[in-house]
2 protein chains.
Amino acid sequence: MSTEARLELGPSSLTDALYESIRKRIVNGEIPQGEKLTEVRLATEYNVARPTAKAALERLTALGLLRRTAHKTAVVPVLDEAEIRDLFFSRITIEKAAVSALAATGQVPADAARAQVAIEYAARDRLFENQVEADIAFHTALVAAVGSRRLTRMHELIIGEVHLTMGQYQAHRKAAPTTVAEEHAAILEAIQQGAPEDAADHLAYHLEQAQGRLLSTLSGD
Amino acid sequence: MSTEARLELGPSSLTDALYESIRKRIVNGEIPQGEKLTEVRLATEYNVARPTAKAALERLTALGLLRRTAHKTAVVPVLDEAEIRDLFFSRITIEKAAVSALAATGQVPADAARAQVAIEYAARDRLFENQVEADIAFHTALVAAVGSRRLTRMHELIIGEVHLTMGQYQAHRKAAPTTVAEEHAAILEAIQQGAPEDAADHLAYHLEQAQGRLLSTLSGD
DNA sequence: AGTCGTAAGATTGTTAGACAAGAATGCACG
DNA sequence: CGTGCATTCTTGTCTAACAATCTTACGACT
């Protein structure tokens, strides 16, 4: 890790930029599971004040990307099997509601279709990190297209940990590249046909497969 | 509002205590919709430093109990009809998943049963505020009993705004006291009988009724 | 008189430095 | 070899201050 990381100041807030920078490094696996992040370390590395680092850490903690209790140093969490099951139970709850609502309208969200294409490109070129990003983008697009601010916020609470886990374990390396794309296509097709039940079923199947891939990476391998 | 409010220091953190105190005042309607809360005002009223007040405001904002954008002062939000519908759509999604899971086990959570009794007492004595608290406790107990940390956290993100809206509009004054209790009882019965579908249906019906009461309070009255 | 722009005030964002309290670590002693 | 205490690290909170942004009101110009 370099002694000073540079922050893009696109967002007007310094805290936002710091939060985003750390977030990316965690979900991409640059900061490994179990790593400790102290306030002063981040503050000196990024050249910001300690309260700023503190604020960023608190936001990340709220999203489950860090674990932190009073007077103790924040660490990148290691999700065990039980937690991964809990994570996917919650994820399936949200995304099922999303695809059902979308199927009720029959409209396939354009962003999801775009992400689907990006997945295929990434899989063809063996760009695993892009593949993870595009997969997250696909599911995020589905939820966002419902237009429910609160459903979207609940999903953000979940998808961060999913991203973290996929990034750390790089589970996509195990999936036949075409498998994920096919499962996604089945979901989109059901949405287009206006079949809420089918869409929900295809989604649940897809996420159970994804969970299985993560768990097998966790135990065996 | 008194010039100085006292904080209970049960939680070891000052920020926690401040957060809890403000949260209660918002959801009980003591601080009305649209009211502005500046950092310095809270800091002087509670006799804490501005950064402490800032941290508490940020937490409340994360839960939807305050609205805040960069460089602007936080205000207690006013939920319009569209937002209340969105709120209940999200709420039904979570709570349906919860009662379905509970029905799969056939175990009626003890806390929910206790809250049910509390509702009856509060209704008998015409203690409207207690009635709201007990109603929130009932639904929270249902979700908590599932034992999913993430489902619980998503529910927290939702129930705060529900509490806020009920507290501000005092919608329970419109409900025949026994109606709510009966609808709750139907949910618990379906859980005990191990009927996930029925439990989900009873829950959806109950929440749609509750939404209707809120919306009618909003428009007419 | 009405409207627009500018200046003053208010509020938040960020920083620095400091002290207290809780947690973790290692060393000395039994 | 294990236990207990002291040191050290880290976080929680505070005070003080300056910069950046937003709001408001006043004044000038049309």
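Chain letters run A, B, ... following the sequence lines, proteins first and then strands; every chain starts at 1.
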### Message
Measure CG/B:Asn47 against P/D:dT13 and give the value in whole Å, please.
### Response
15 Å

### Query
Among A:Gln168, A:Glu129, A:Met166, which residue meets the side-chain contact (heavy atoms from CB on, under 4.5 Å) test with A:Asn28?
A:Glu129

### Rounded distance (Å) that lies between atom P of C:dG13 and atom CG of A:Asp16
10 Å

### Query
How close or far is atom P of C:dT15 from atom CD of A:Glu39, stated in whole angstroms?
13 Å

## Note on the structure
Whole-Å distance, A:Leu37 CG to D:dT11 P, equals 10 Å

### Query
So which nucleotide from D:dT11, D:dT15, C:dG13 ends up closest to the side chain of B:His71?
C:dG13

#### Entry: Candidates D:dT13, C:dT12, D:dC14 - which lies nearest the side chain of B:Ser13
D:dT13

### Message
Does a side-chain N or O of B:Thr15 approach OP1 or OP2 of D:dG12 to a distance below 4.0 Å, or not?
### Response
no

### Task
To the nearest 0.5 angstrom, please state how far the CE atom of A:Met154 sits from the CZ atom of A:Arg150.
10.0 Å

### Task
Please determine if a side-chain N or O atom of A:Thr73 lies less than 4.0 Å away from the OP1 or OP2 oxygen of C:dA23.
no

### Query
What integer distance in Å separates A:Tyr46:OH from C:dT15:P?
14 Å

### Message
Could you tell me if the side chain of B:Asp135 sits less than 4.5 Å from the side chain of B:Gln131, heavy atoms only?
### Response
no

### Query
So, is B:Lys54 close to the C:dG13 phosphate, meaning a side-chain N or O under 4.0 Å from OP1 or OP2?
yes

### Query
Rounded to whole angstroms, how far apart are CG on B:Leu14 and C1' on C:dA21?
13 Å

### Message
Taking the basic N atoms (NZ, or NE/NH1/NH2) and the acidic carboxylate oxygens, is any pair closer than 4.0 Å for A:Lys54 and B:Glu58?
### Response
no

### Counterpart residues, ring-ring contact (aromatic ring centres under 6.0 Å, His included), relative to A:His184 (two or more places apart)
A:Phe138, A:His139, A:His206

### Message
If you compare every side-chain N and O of B:Thr52 against the phosphate oxygens of D:dG12 (OP1, OP2), does one of them come in below 4.0 Å?
### Response
no

### Query
Just how far, in rounded Å, is P of D:dC22 from NZ of B:Lys36?
14 Å

### Query
Nearest-Å distance, NZ (A:Lys72) to C1' (C:dA23)?
8 Å

### Query
For the side chain of A:Arg50 and the base of D:dT13, is some donor closer than 3.5 Å to an acceptor across the two?
yes

